[in-house]
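Start at 1 and go down the list; that is how both ligands and their atoms are numbered.
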Amino acid sequence: MKLLLPVLLACALALPSLTADARHPNILFILVDDQSPFDLKIYDPSSPLQTPHLDRLAAEGMVFDGAYHMGSFSGAVCMPSRYMIMSGRTVWHLPPAPWGPKTSPPQLEQNTIPAVFNRAGYATMRTCKQGNSYEAANQLFTVRHDVTKRGGDDESGSAWHGDRVMDYLKERASAKNTDPFLIYYGFSHPHDTRDGKPELLAKYGATNHDDESAPPSLHSQQPPLPSNYLAAHPFDTTHSDVRDEVAVSGVWKRRDEASIRNEIGRQYACSENIDIQIGRVLKELEAMGELDNTYIFYTADHGMAIGRHGLMGKQNLYQHTWRVPFIVKGPGIPAGSRVEGNIYLLDVLATLCDLAGIPAPATNEGTSFKPVLMGEKPTVRDTLYGAYSGGSKPGMRCVKQGDWKLIRYEATDRGVNETQLFNLAVNPDEFLKEHGKTEAALTNLASDPAHAAKLAEMQALLLAEMRRLDDPFRFSDQPDDNLPPPPAPAPRTGKGKGKGKAGK
Ligand SMILES: [Ca+2]
């Protein structure tokens, strides 16, 4: 033993500090801006959206059916979502949240994805849109190219972000840099303005429409209306006048078939272009011999309505918007697998650390779902909570456990007090009575006496989650828990400051 120890120490010292080997895999984290999982054929086989590269990721990796963002205290849902991804903190424990300075540690940015991976010896690179994000964390990527690119050609659109990653990989190869890398590959699309490239717009029968006085024409190649489309949401969601519901160029307040189908066509044109940009990078990684040692994540900061339930934006908690697409491929992940997962975007930091073999920071509140990725278990939690509090308070909350989901809406100043109870096993589209389905189960069950016990159970579960997660608001029929009136959100810092128009 005395002889062996120096030998072992010498061997350990002889190891390179960090190389892109099986112990320290590369990470490619792809984040798109505003995309419902149900846009993708992977989640809705009837969707005409073509994404061959995402299909390949799904075929070679794992698809999550239960991936969620935890919510927002702002109309700009992007912003807290991106804070949660970067920091692994729950929504009410983020620096810009009400009481954020009290519920989040100082200098949290030093425990975010770039800071943690820089310290572990990773090469960190980022490209993404600018603004409505976590600027103090974004600044910590060693290489950073953030510009909002939502135009309809390569220089002004998604190809620009693709070019930045391609340039980075080529420079890395020419410099013979063998440090493992973490690339945060973000896009500015398909967030509006959804100016697609002409050849992709043509494929989906869409036009870059900007004339508010007249709807675009119907076209046979436009995607069909969503199954849960409505011409209007049946009640004020507590923030029905938010920018996304009334002022998105191309739709505005219109919900007619032509406007919605054209806008979905534009969304798909932008999403297919993103898929093309992902394909370029995957091909380059393959040529470099890095693909097999890289964990590739694909997701969005939140979902999107675009006509579903008569809504346009991201300021609601229906499944199309609360859920996000989530696909992961990499070493050890069973190919072609599909799980529920029950993960939040705020679990990403812990999971990346777990996969890379580095400790998650003490400030992290997320749960590593590496055991799910490795096929060891199907979920990481039983209960999921969602919040939207960007308009009147408390706003919207939801809770999901198993097949059952409760959504509550309250805005005393607007006369809103609504409750929805869905059995997602039989009503996954969350049809309401306004959808006119004849089957009794395909509607909101909150007022059905047969489900009164389930409603009470879900109400209790929601209160428990609100307490557990330090939700600073309560509904009028809940105990007030002696909560103080919450302060206004702290002003945001960095380059995104002043661009925080709700919904941007
Ligand atoms: Ca977004």
Under 3.5 Å, which donor-acceptor pairs link side chains of residues 105-116 to any protein atom two or more places apart or in another chain?
{"unit_1": "Asn111", "atom_1": "OD1", "unit_2": "Arg119", "atom_2": "NH2", "d": "3.2"}
{"unit_1": "Asn111", "atom_1": "ND2", "unit_2": "Thr363", "atom_2": "OG1", "d": "3.4"}
{"unit_1": "Thr112", "atom_1": "OG1", "unit_2": "Glu109", "atom_2": "O", "d": "2.6"}

Restricting to N/O/S, name the atom of [X] that gets closest to the Ca ion (ligand 1).
X      : value
Asp34  : OD1
Asp33  : OD1
Asp301 : OD2

How are the rings of Tyr409 and Phe235 set relative to one another: parallel (under 30°), tilted (30 to 60°) or perpendicular (over 60°)? perpendicular
salt_bridge(Glu430, Lys405) N-O dist < 4.0 Å: yes
Heteroatom N/O/S of His302 within less than 3.0 Å of the Ca ion (ligand 1): yes
So which pairs with a foot in residues 135-160 pass ring pair (Phe, Tyr, Trp, His ring centres under 6.0 Å), sequence neighbours left out? Phe141-Tyr184
